[in-house]
*Asks:* 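Can you keep this structure in mind? I'll have questions shortly.
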Amino acid sequence: MAEMFTQGFALAIGVGADLPYTVDDANALTNILTDPGRCAYPESQVNLLVSEAATRDNILAALDRLAEINDPEAAVTIYFSGHGQEVILSSDTASTQYYLIPYNCDRAQLNQTAISGQEFAQKLRAIRAKKLLILLDCCHAGGVGNAKDPEPSAPLPPEALKLFQAGRGRVVIASCKQHERSYPSKRYSAFTSALIQALCGQGVAIADGYVRVGDIALHCREEVPRLTQHRQHPIIHWEESDNFIVAYYASGQLKPKRLPDEFMEVETPETKPEPKTEIIYNQSGQTVENQTNIQGGVHLGSGSTVNFGISVEKPKKRSDIVQP
C-alpha cells in the first residue's frame, strides 16, 4: 500500500496569460506531488492556481491557508511561474516598489491588482512551518539572491528575501541567474522538467525514500544547463538551512520508479518572452551577495569550491520502508 507524505503542503501557481506554458508546468508539478506512487502529498494539501484562478485575491487567500498549518513537521513548497515588476516611485530618492504579477493584472493599477513586496513578505512571515521551499521559474529569477540590492530582479521581492536571512528551514531555488532567461521546451520548461525529475528520485544522494532540498538543487544545477545548451544556470538562496526533506520519491520505497515519458528528455528550448511592459533594472557592475551560484563545483560538505554549509536531515522513522 502506498505511504502518504502527510507532512507535505504545496501551492503551485502558473499565471498563464502571455506565458501559457506556465499552466502546463504548474499542472505537471501538482500531478507529481499528488501522485500516490511518487511524492504522495495528500491532494487536499496541494493548491493549484493557474490562468484565471491565479488572481491576486486567490493567491493571497492560498498563502493565508498555508499560515493556518499547525504541524511542526510540515514541509511547505510554494511554486511560482510568472512575471515580477519593479516600479520606480521617485527618481529623486531612487525609491522603488516591487510587485508579483498575477493573472489579469492591470499594470496601470498595480496597487489594486498586483501583489506588493510588502504583502508577499507579510504572508510568508505568517507561515509557521519550519520547512519552507520557494521555487521560482521565471526570467531573471536569479535576482532573488541579494536582499540588500536597491533594484533586485524578478521575481521575489526584497522584503521577502530578508526573511530568508533570518533562520534555518527557508530556501529559495530560482531557475536562472539574474541576467539569464528561463527557457521552455515544447511542453515544459527546462527548470520544471529537472525539478520533477528530482522529485521522482533522479540523482538523490541518499536512497532512503526521501527527496531533500539538496537533491533538488544539485540535480537542477546539473540538468538545466545541459537541457539549455548552457544558456541557463539555476541558483540557490540558502542561508545555512538544514537539508530538509521535501517529499517521498516513490511513496516511501527505496528504489526510484521510471520517470514519466514526458520527463525523460526535453527538446531544444525557446526563450521565455519578457513582460509586455518595460521593467527598469540598473544592475551594471552589481555584485550579488548571500547568493550561492550552483552552476558548478557544488557539494554538500566543506571544501575549496562552493559549500552550502548544510547538514543532512535524517528521517524520524523509516522502519516501515519496504524494499521493492
Side-chain angles (χ1 to χ4, degrees), residues 1-10 12 24-43 45-46 73-77 79 131 133 135 137 171 173 175 185 187-228 234 236 238 241-267 294 298-301 308 310-324:
M1 179 181 294
E3 182 178 351
M4 300 303 293
F5 190 76
T6 56
Q7 63 268 46
F9 297 80
D24 290 337
D25 286 346
N27 275 308
L29 176 63
T30 298
N31 290 338
I32 291 296
L33 288 176
T34 58
D35 186 334
R38 295 187 185 274
C39 294
Y41 278 41
E43 288 189 12
Q45 295 174 190
V46 179
E73 299 301 320
V76 175
T77 297
Y79 170 90
K131 306 165 188 176
L133 171 63
L135 300 164
D137 194 358
V171 173
I173 299 177
S175 62
S185 66
R187 184 169 182 183
Y188 303 110
S189 75
F191 176 76
T192 297
S193 295
L195 167 63
I196 289 175
Q197 290 173 4
L199 289 171
C200 291
Q202 298 296 299
V204 291
I206 304 174
D208 61 358
Y210 289 110
V211 180
R212 293 172 171 82
V213 169
D215 297 322
I216 295 174
L218 293 178
H219 184 75
C220 289
R221 164 248 179 180
E222 295 289 340
E223 190 71 0
V224 173
R226 185 186 71 81
L227 294 174
T228 62
I236 186 171
W238 195 321
S241 174
D242 293 328
N243 188 21
F244 57 83
I245 291 170
V246 175
Y248 288 137
Y249 56 70
S251 188
Q253 297 188 16
L254 301 181
K255 184 178 180 180
K257 298 182 178 180
R258 183 180 183 276
L259 281 172
D261 289 341
E262 61 265 37
F263 299 105
M264 295 294 290
E265 189 60 63
V266 179
E267 299 184 20
I294 61 173
V298 180
H299 61 283
L300 297 182
F308 281 165
I310 58 176
S311 59
V312 174
E313 175 185 334
K314 295 182 178 179
K316 298 290 190 296
K317 294 180 180 180
R318 292 308 309 138
S319 58
D320 54 343
I321 292 182
V322 178
Q323 175 69 45

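For the numbers below, each heavy atom of this structure counts, side chains included, while hydrogens, waters and symmetry mates do not.
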*Asks:* Does some side-chain heavy atom of Lys131 sit less than 4.5 Å from a side-chain heavy atom of Gln7?
*Replies:* no
*Asks:* Test your reading of the model: is there a side-chain donor-acceptor pair from Asp137 to the backbone of Ser175, 3.5 Å cut-off?
*Replies:*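 A pair under 3.5 Å: no.
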*Asks:* Looking only at non-hydrogen atoms, find the nearest pair between Val204 and Ala207 and report the distance.
*Replies:* CG2-CA, 4.5 Å
*Asks:* Between Tyr249 and Cys200, is there a side-chain heavy-atom distance shorter than 4.5 Å?
*Replies:* no
*Asks:* About how many Å separate CD1 of Ile32 and CD of Gln197, when rounded to the nearest 0.5 Å?
*Replies:* 10.5 Å
*Asks:* Quick check: does any side chain N or O of Ser251 sit under 3.5 Å from a backbone N or O of Pro36, one acting as donor and the other as acceptor?
*Replies:* yes
*Asks:* Measure the spacing between CD of Glu223 and CG of Leu218 and express it to the nearest 0.5 Å.
*Replies:*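 Result: 13.0 Å between the selected atoms.
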*Asks:* Per the salt bridge (charged side-chain N to carboxylate O under 4.0 Å, His left out) rule, what does the pair list look like for residues 189-205, sequence neighbours excluded?
*Replies:* none
*Asks:* Is it true that a side-chain atom of Thr30 and a backbone atom of Ala26 form a donor plus acceptor pair closer than 3.5 Å?
*Replies:*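 Confirmed, Thr30 side chain pairs with Ala26 backbone.
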*Asks:* Taking C-beta and beyond as the side chain, do Tyr248 and Tyr210 meet within less than 4.5 Å on heavy atoms?
*Replies:*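 Touching, per the 4.5 Å side-chain cut-off.
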*Asks:* Only counting residues at least two apart or in another chain, list the ones meeting salt bridge (charged side-chain N to carboxylate O under 4.0 Å, His left out) with Asp24.
*Replies:* none
*Asks:* I need the Asp208 CG to Gln253 CD distance, nearest 0.5 Å.
*Replies:* 13.5 Å
*Asks:* Per the salt bridge (charged side-chain N to carboxylate O under 4.0 Å, His left out) rule, what does the pair list look like for residues 29-41, sequence neighbours excluded?
*Replies:* Asp35-Arg38
*Asks:* Mind listing the closest non-hydrogen atom pair of Asp215 and Gly203 along with its distance?
*Replies:* OD1-O, 4.2 Å
*Asks:* What pairs with Tyr79 under ring-ring contact (aromatic ring centres under 6.0 Å, His included), at least two apart in sequence or on another chain?
*Replies:* none
*Asks:* With Ala74, which residues qualify under side chain to side chain contact (heavy atoms under 4.5 Å, CB included), at least two apart?
*Replies:*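 For Ala74, the residues satisfying side chain to side chain contact (heavy atoms under 4.5 Å, CB included) (neighbours in sequence not counted) are Phe9, Ile69, Asp71, Ala129.
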*Asks:* Any donor-acceptor pair under 3.5 Å linking the side chain of Glu43 with the backbone of Thr34?
*Replies:* no
*Asks:* Could you check whether any side-chain heavy atom of Leu133 comes within less than 4.5 Å of a side-chain heavy atom of Leu135, counting everything from C-beta outward?
*Replies:* yes
*Asks:* Would you compute the distance between atom CD1 of Ile236 and atom CD1 of Ile173 and round it to the nearest 0.5 angstrom?
*Replies:*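 Here the rounded value is 4.5 Å.
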*Asks:* Would you say Asp25's side chain and Ser189's backbone share a donor-acceptor pair under 3.5 angstrom?
*Replies:* yes
*Asks:* With sequence neighbours left out, what residues match Ala10 under side chain to side chain contact (heavy atoms under 4.5 Å, CB included)?
*Replies:* Leu33, Tyr41, Val46, Thr77
*Asks:* Which atom pair, heavy atoms only, marks the closest approach of Pro234 to Pro225?
*Replies:*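 In terms of heavy atoms, the two residues are closest at CD-CD, 4.2 Å.
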*Asks:* Go through the steps to decide whether Leu259 and Gln202 satisfy the test side chain to side chain contact (heavy atoms under 4.5 Å, CB included), and finish with yes or no.
*Replies:* CA-CA 8 Å; Leu259 281 172; Gln202 298 296 299; 3.8 Å; yes
*Asks:* Rounded to the nearest 0.5 Å, what separates atom CG in Leu29 from atom SG in Cys39?
*Replies:*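 So the gap between those two atoms works out to 8.0 Å.
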*Asks:* Quick one: CD1 on Ile206 to CD1 on Ile245, what's the gap to the nearest 0.5 Å?
*Replies:* 8.5 Å
